[in-house]
Each structure stands twice: as structure tokens, then as C-alpha cells.
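Here the structure is laid out as C-alpha cells; the discussion comes afterwards.
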Amino acid sequence: MDLPLPFLLIFLVFLPSSAMPQRNISLGSSITATRNGSVWESSSGDFAFGFKEITDGAFLLAVWFNKIHEKTVVWWANSGNLVQRGSKVQVTTDGRLVLSEPDGQQISIAVAAGNNVAYAAMLDTGNFVLASENAVNLWQSFDQPTDTFLPTQQFIKDSRLLTRFSSDNYTNGRFKFILQEDGNLVIYTTEYPLDSVTSSRNAYWASDTVGSGYQLMFNKSGIIYLIAQNKTILKTISSDTTSTENFYHRAVLDFDGVFRHYVYPKAGRLSSGEWQEAWSVSTYIPSNICTAITEDVGSGACGFNSLCQQGDDQRPKCQCPHGYSFSDPNNEMSDCKQDFEPQSCIKNSHDKDNLFDFYEMKNTDWPLSDYEQFGSVNEDWCRDICFGDCFCAVAIFRDGKCRKKKLPLSNGRIDSSTGGKALIKYRVNNDTLSPGVENVSSNPKDSDDSTLIVAGAVLLGSSVLLNCLFLIYSYLKKRKSKTVQPLATAPGMNLQRFTYEEMEKATNGFKEEIGKGDFATVYKGSIQFENKIVVAVKKLDKVAEADKEFKNDVSAIGRTNHKNLVQLLGFCKEGPHQLLVYEFMCNGSLADFLFRKSRPRWYQRMQIAFGTARGLCYMHEECSTQIIHCDIKPQNILLDDSFTAKIGDFGLAKLLKTDQTRTITNIRGIKGYVAPEWFKSMPITAKVDVYSFGVLLLELICCRRNFEQEAEDANIVLTDWAFDCYQDGNFEVLVEDDEEAKNDIERVKRFVMIAICCIQDDPSTRPTMKKVTQMLEGAFEVPSPPDVSSFITGSSHSIYTSCY
Ligand SMILES: *[C@@H]1O[C@H](CO)[C@@H](O)[C@H](O)[C@H]1NC(C)=O
Ligand SMILES: *[C@@H]1O[C@H](CO)[C@@H](O)[C@H](O)[C@H]1NC(C)=O
Ligand SMILES: *[C@@H]1O[C@H](CO)[C@@H](O)[C@H](O)[C@H]1NC(C)=O
Ligand SMILES: *[C@@H]1O[C@H](CO)[C@@H](O)[C@H](O)[C@H]1NC(C)=O
Ligand SMILES: *[C@@H]1O[C@H](CO)[C@@H](O)[C@H](O)[C@H]1NC(C)=O
Ligand SMILES: *[C@@H]1O[C@H](CO)[C@@H](O)[C@H](O)[C@H]1NC(C)=O
Ligand SMILES: *[C@@H]1O[C@H](CO)[C@@H](O)[C@H](O)[C@H]1NC(C)=O
């Protein structure tokens, strides 16, 4: 029959269109990848075979549910690789299914056994087949499952589902569901990017039917069950009773590694005409994949360094820990990479390199990445050991045990059954760092009181308490200095004596000024011991006060040796020249650190409180000669490269025999860090330092100065405000906007109560520094602070005694 050409064209255009569902697909037929292109539908229209556009111009050859809005893919060809627009799939005349790309490349999708394919067909079950004349399926997509298992599909030994890579990337993922030769039905993680599984892998779910499992069934009632060869049911995996009449069913090994049975009402259209997002999960295994996977190889349910948490929707969610982000921002199954430069393992690399902190996460663990474990330790110890170890990426603290973990971390999970907490090390954002010495010294003139004593400098004497100078030399105990090999020493001390010339050389002619005080200037320098070390050289002016300062510093800290005290390394006394040489504190003073714009971490502040308390405790109780500092304030607490607090500036210190007290009358100063007895002609004891520490502790808790003009009226004086808050039982308001402190509110409470004990008016009611240290560390219960307002009004003496 001869048809006119236009008619023929119309015929050709409409023949394969979706408006004319094609049942038997005859040999030679083909469809082309174009937008809204033609497909081969099943006779009911439930399923379609064709090209599905995944991204603009890139198509997947697939089978999908065709009547529903989601067009959910149930099978795909070509290992999930996409092809370009214009690609063609054809049932060849010799009965093969061939995919041709526009560049002429041909990919064989299906080759049937034998040579007698009569037609192809998209069946209503979702099975795409190449069939013989007498309707025998010679090849079927059901025998080559991808990630989906459909009702009536056979799942025999060695059948497997392999996850796609992500929701819209159909290439291989990392999980495999397989009915093994041995009869066990299991889910594994694969040796990605291979899809293989070797015996070293443990299944994270198994039917435990070794020897009996024979076939997995998914029947028309929507029941998924495993049978033995004699057809007895060994295990029911899922039994959704909604019939396949009214519901679509599919079981999928989802890309997150969970096997889910979904159902979808066929009458899924809402009365409004909108399509309902209607796939709902009927059953899923395992019950929590985040905790189910425990393997010493592979990354677990999420990527390396990632953390898995089962959400309220029962789906696992992967997230990166603080300081890390997904290596592929569009794929939350990807590994998490560190967003910071790792800790340097080179000793003495002054940093910048070593400004790290921990981010705390409860109920979090990577159970398989331990390289060291410690029993019977406390959390602070655990933090310290990880902090000082460049390999340690995370410390887990739980039940008095501390475990160190190195990268990459695997099998991360957040789960309430985990317990304990993870301390995740990260580099502190560089804008919270102390400025370099250079930055401060470049403009020392306009510094306020808090920056006068500059970063990097060991402190200068201040004039607040001019006459607290009272030296008693007695019972000197020799202490070996760790770093200094004495050449010529002052009597009773292990200090190096330098010549003025040496000092000139060390400071390059007193070139780099790093701070200036009332009777001294501080310069940066370096001296050669075994290694070259950076030092701060304090050059004292030729005044009487400076002379006292020199003597004081040399005698007070010259003979101390404690982690929390700045170390005096040596001195120079030559004619009119008086110089003191200290270890250089590269992170400056606590005042700079604490009162800058971005608040330091709560943990660091706690550590500084501990360190300062220990240093004071040492000075008060452990030295042969008691040292009273007399001038504790944030400007006089220095921070070394790991932010360890070091008490500096002993210009005002008193050295007392343990039972000695002294009344001082002529004091200048403002009420701030200064204990009230200074103004009352009362004896000066170590309790003045306790008072100052109390104020400092409140400043550490709240990250603000004791006096803050800009605060609300009632809050200008921190000590008053803290006491009000304590009386109201409202501690949270003191650490508003500080999530970390708020999460640790019990400790905040304890610290505030300790601080209030310390700032009692009556020195005798203040605890000793030893007791303060114990209370801070939690070794000693904090008594309820007093119910008095004496220290606020200053009018009456405290009647409270239990702090002591
Ligand atoms: C293709 O289909 C989309 C919706 O599926 C429709 O919005 C669009 O108009 C169609 N384009 C053509 C060329 O038919
Ligand atoms: C498809 O082909 C088979 C076998 O040749 C035949 O039995 C069946 O009727 C055909 N169906 C249609 C709709 O043509
Ligand atoms: C799918 O993921 C694989 C593995 O990351 C990647 O190589 C491929 O380019 C991705 N494909 C698409 C279409 O995004
Ligand atoms: C069927 O096979 C299973 C497992 O092999 C066995 O436990 C059961 O007894 C058998 N049942 C019958 C009726 O043979
Ligand atoms: C599906 O399997 C279950 C369990 O064996 C059985 O009770 C049910 O009758 C089966 N349904 C169909 C349609 O075969
Ligand atoms: C500080 O961090 C930012 C962002 O991480 C980076 O761009 C910048 O270079 C860093 N600055 C210094 C001085 O390291
Ligand atoms: C301030 O410190 C930063 C970071 O250490 C440095 O890059 C910059 O050059 C310094 N500025 C001055 C003026 O020294």
C-alpha cells in the first residue's frame, strides 16, 4: 500500500509516542533520548522503559513506575552511566538490545540465549523482556536487578542488589544485599569502588539461614520472605498486607544502605488534582544502620570522619564533626575532610601552629579508630593527653576511660546508647588568636591598661600597689631549672647572669620593643642555650622603684619552678643596667585573650582558671618561702603557646615566712582586683590573692571585665551582678550567648559559687588557694556561698565562715 508521504511522517511520529502504548515491541524498533521522548510502556501503563532525563541533556536508560508523579526508577542499564541526548536504544533484528550513542559507540544491554527472539516487551510487573515466539522470556531485567526488588521477581542464590551512589547518581554505591550460595541472606558494605565483598567483611544484617536459605520471595500479597528448597518459610522479611491491587510495592536497597519495603496507593492523586508524595516505608532493615555496621575496614554507614545519626524519620543522617566538611558538598555520604591545617608534629614549632581546642559531642564515638587507651583517668587528663599529641584527632572520654583516635575515623555514630563524649580537636579560628607581638608593638601608645602589658611580653611592674615590697630572704631551696645551664649564678638561685653586652646582642640592640611599663621596657630577643630560645628582656629604668622590682622578681620567681609561673631565666646587673630575662609567652596576656571580640572557648577559660589557681596554690603553700603576688589580674596572667596560664610580674610580690603577716597602710588603687583589707589597715595575707582570683574567675566565666561602663546599670560591676544572679539562682544569664558554657551549666554554677567564696570581705572567710583548686577540680564540694551582701556594700563584715 502506498501512503502519501505526510501521512507516513505523522504515522512515524505518533507510533512510538506514549499516547499509543506499545505492547509487543517488534525487532528493529528503537527509541531516542530526547526530552519528553517516546517510551515503551507496559500494557497497563504502570511501567515504562526508556530514557529518563536525570540532568539537563543526560539520560539514563531505565524502567520506572510510569503512572505516578515521581516516576520512580526500578531498574537501569549501562551501570548507571548516563548517555547524551540523541542516544538510541534498539531491539536489533537479531534479537539483542543495543544502546547507541551519538558518536557511534554501541553498548550491548542484553543478549538473549539462543537466536530466536521474536519481540521485546515491557511487562506489567516491571519486568522488561526479550521473548520468543511462544512467549518464553529469553532475557529479562528481573534477572539483572539493580537496587530494586519487585513483587513476583525471583531472587535466587547469588542474586544481589547493589545500591546506587546517591539519590540521583545511579552508579555503584557501597552496599550490597545478596542471597549467598551458602543460603544466607546478608547485607554488606562493599570494597568500593569495586562491588566485591571478601570474607574479611562482616555482614551488618543477616538472615542466619546458612545451609537452608534457597529463594527470596516477594509475592502479590506484598509479602517478602525467605524459603527453603522444600518451600517452608524460613524468615519473613516484610509483610505489608496492602494488596498489589491497590498499591504499588517495591523493595530497595537504598543508597544509605538500608533495605526498605515501600508501598504507594495507586489512587495516589489527591482530590485537588495534586500528586501526593506517596511512597511510604512499610519495613526496613537493619533497625539502625548507624550502629549496625562495625567493621575494621571501610568507613561505616557514612564516609570517613563522618558521623551517622538515625533521625526521627528513621533514616540515617550523616554529618561532619566541627571543623570538618564534606569532601563532596553535594553528597552527604562522602568523607569529611579537615577544614584546618593539621597539628604540626615538629617540636617547638611556635604557632600559630598549635592553637587547638576541642569541640565536645555527647554520645558520639568512632568505635574502631583507637590507637591508645587509658583507664582510670579524668576528663581533663584525657584532654591534655590528646591536646599534646599531634596524631590525636579525637579523644573519647567515657566511664573514666580515655581513648585516643587518629584519622581517618570510621564508623562514626551519634546514638544515646553510646554514652560518654567525644572531644574533637580542631584548629581555633585564627581570628580568635592573640595578635602577634609585632601587631601590638606597632602601636603601643594608644593601648589601654589591659594592653599596656602586651602580648608576648613578660609583664611590667605596675604602679597600683607601689609599696607592697617586702622581702625576706630565708630558707632558700635550690631548684634546678629545666632549660638553663647556669654560667654564673646569683646566690641561692639557678639563674644565668648575663653581661650587658650579651643582652644588647640578644635583643639586636634593644630593637624590638614589645611593651612598656612604669619603670621598664620589654624587648623581644633570643639567646643561645642548647637551642636558640626566644626571650622577653625587661630593661629597668634607673629609679628606686625599679631597683625594688628587680630584687623582687629575682628573689620571688628566681627560685620558683612551676608550670603555671613564668620562668625567669636570667638577669643582668652591671653598673646602672638592670635587666631581667624571661621565657617568651607567645600568646600574650589573659587580658588580651579574654576581652577581645570573639570569645575564647569555655574549655580554654576553664583550663586557665585551673592553671592560675594551681600557680597561686604553689606560691602560697608549696614554696619554702610563701610568695604573695599582690597583683593578680588578667594583665598579669600570661599564656604560652598551648594557652597554659602562667603567672607573671612579681614586681609587687611579697615573700613571707609562712606565719608572718604585715600591715601596709599606704596603698593606692581602685576597688577591682584589690581586696578590701588593703584599704583598711588590716594585715596583708595570701588571702588578697584569693580575692583577686575570685574576681578573675568571674571574668573568665563571663568573658568580660569586672567594670564595664557599657553594661546595663545593674551589671556594671561584675562581682555585684554575679552575686545577684547567684541569689536569684539564675546562672544562665551570666553566660548568655555562650552555648558551650550553657551546656556545662553545672560547672558554671560551681565556678560562680567558688568565686563568690573568694570575694568575701572578711579575709578569714575566704578559702585558701589550695581549697579553691580542689573545689575547681571537683575534688571538694563547694559549700553554699554566704547569704550576705556585705561584700557588695562593703559596710559590714561577712558573718559567713563555711567557705573556709
Ligand atoms: C515536557 O514535559 C514537561 C513536564 O513533564 C512539560 O512541562 C514540558 O512542557 C514538556 N515539553 C515538551 C516539549 O513537550
Ligand atoms: C505479542 O506476541 C505474542 C507472541 O508472539 C503473542 O502471543 C501476543 O498476542 C502478542 N501481543 C500483542 C498485544 O500483540
Ligand atoms: C556519580 O558518582 C561517581 C562517583 O563519585 C562520579 O564519578 C560520577 O561522575 C557521578 N555521576 C554523576 C552523573 O554525577
Ligand atoms: C524444609 O527444610 C528446612 C530447612 O532445610 C527444614 O528445617 C524443614 O524441616 C523442612 N521441612 C520439611 C517439611 O521437609
Ligand atoms: C504470599 O505469601 C504469603 C505467605 O506465604 C501467603 O500467606 C499468601 O497467600 C501469598 N499470597 C499470594 C498471592 O500468593
Ligand atoms: C584565617 O582563616 C581564614 C579562613 O579560614 C583564611 O582565609 C585566612 O588566610 C587565615 N588567616 C591567617 C593569617 O592564617
Ligand atoms: C599582625 O599579625 C598578622 C598575623 O600574624 C600578620 O599577618 C600581620 O602582618 C601583622 N601586622 C603587623 C602590622 O605586624
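We count ligands from 1, going down the list as the structure has it; atoms in each ligand are counted the same way.
Set against the non-hydrogen atoms of F165, the atoms of ligand 3 under 4.0 Å away are 2 (O), 4 (C), 5 (O). Less than 4.0 angstrom separates some heavy atom of Y192 from each of these atoms of ligand 3: 4 (C). Taking every heavy atom of T171 and a limit of under 4.0 angstrom, the matching atoms of ligand 3 come to 1 (C), 2 (O), 3 (C). Each of the atoms 4 (C), 5 (O) of ligand 5 lies under 4.0 Å from some heavy atom of I233. Listed by number with element, the atoms of ligand 5 under 4.0 angstrom from any heavy atom of I223 are 3 (C). Shown in contact with N219 at under 4.0 Å from a heavy atom are these atoms of ligand 5, numbered in order with element: 1 (C), 2 (O), 3 (C), 8 (C), 10 (C), 11 (N), 12 (C), 14 (O).
Regarding atom 2 (O) of ligand 4, its nearest protein heavy-atom neighbour is N230 ND2, 2.5 Å. In this structure, the protein non-hydrogen atom closest to atom 11 (N) of ligand 5 is S221 OG, 2.6 Å. Ranking the protein heavy atoms by distance from atom 5 (O) of ligand 4 puts S212 CB, 3.9 Å first.
Side-chain atoms of D335 and S299 form no donor-acceptor pair, as typed in the model, at a separation below 3.5 Å. Under 3.5 Å, the side chains of D415 and S417 contain a donor-acceptor pair of N or O atoms. Under 3.5 Å, the side chains of N363 and T418 contain no donor-acceptor pair of N or O atoms.
Protein heavy atoms are absent from the 4.0 Å sphere centred on atom 9 (O) of ligand 3. Atom 14 (O) of ligand 3 is flagged as protein-proximal [any protein heavy atom, distance under 4.0 Å].
With rounding to the nearest 0.5 angstrom, the OG1 atom of T146 is 10.5 Å from the CG atom of N172.
No side-chain heavy atom of D46 sits less than 4.5 Å from a side-chain heavy atom of W64.
Note on ring orientation: taking the six-membered ring where Trp is involved, the planes of W76 and Y170 are perpendicular (angle over 60°, cut-offs 30° and 60°).
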Give the C-alpha distance, both sets of side-chain angles, the deciding distance and a yes or no for disulfide bond (SG atoms under 2.5 Å apart) between C302 and C308.
CA-CA 6 Å; C302 298; C308 182; 3.9 Å; no
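Taking distance alone, with nitrogen or oxygen atoms compared against 3.5 Å, N169 approaches ligand 3 more closely than that limit.
Aromatic pair F155/F142: centroids not less than 6.0 angstrom apart.
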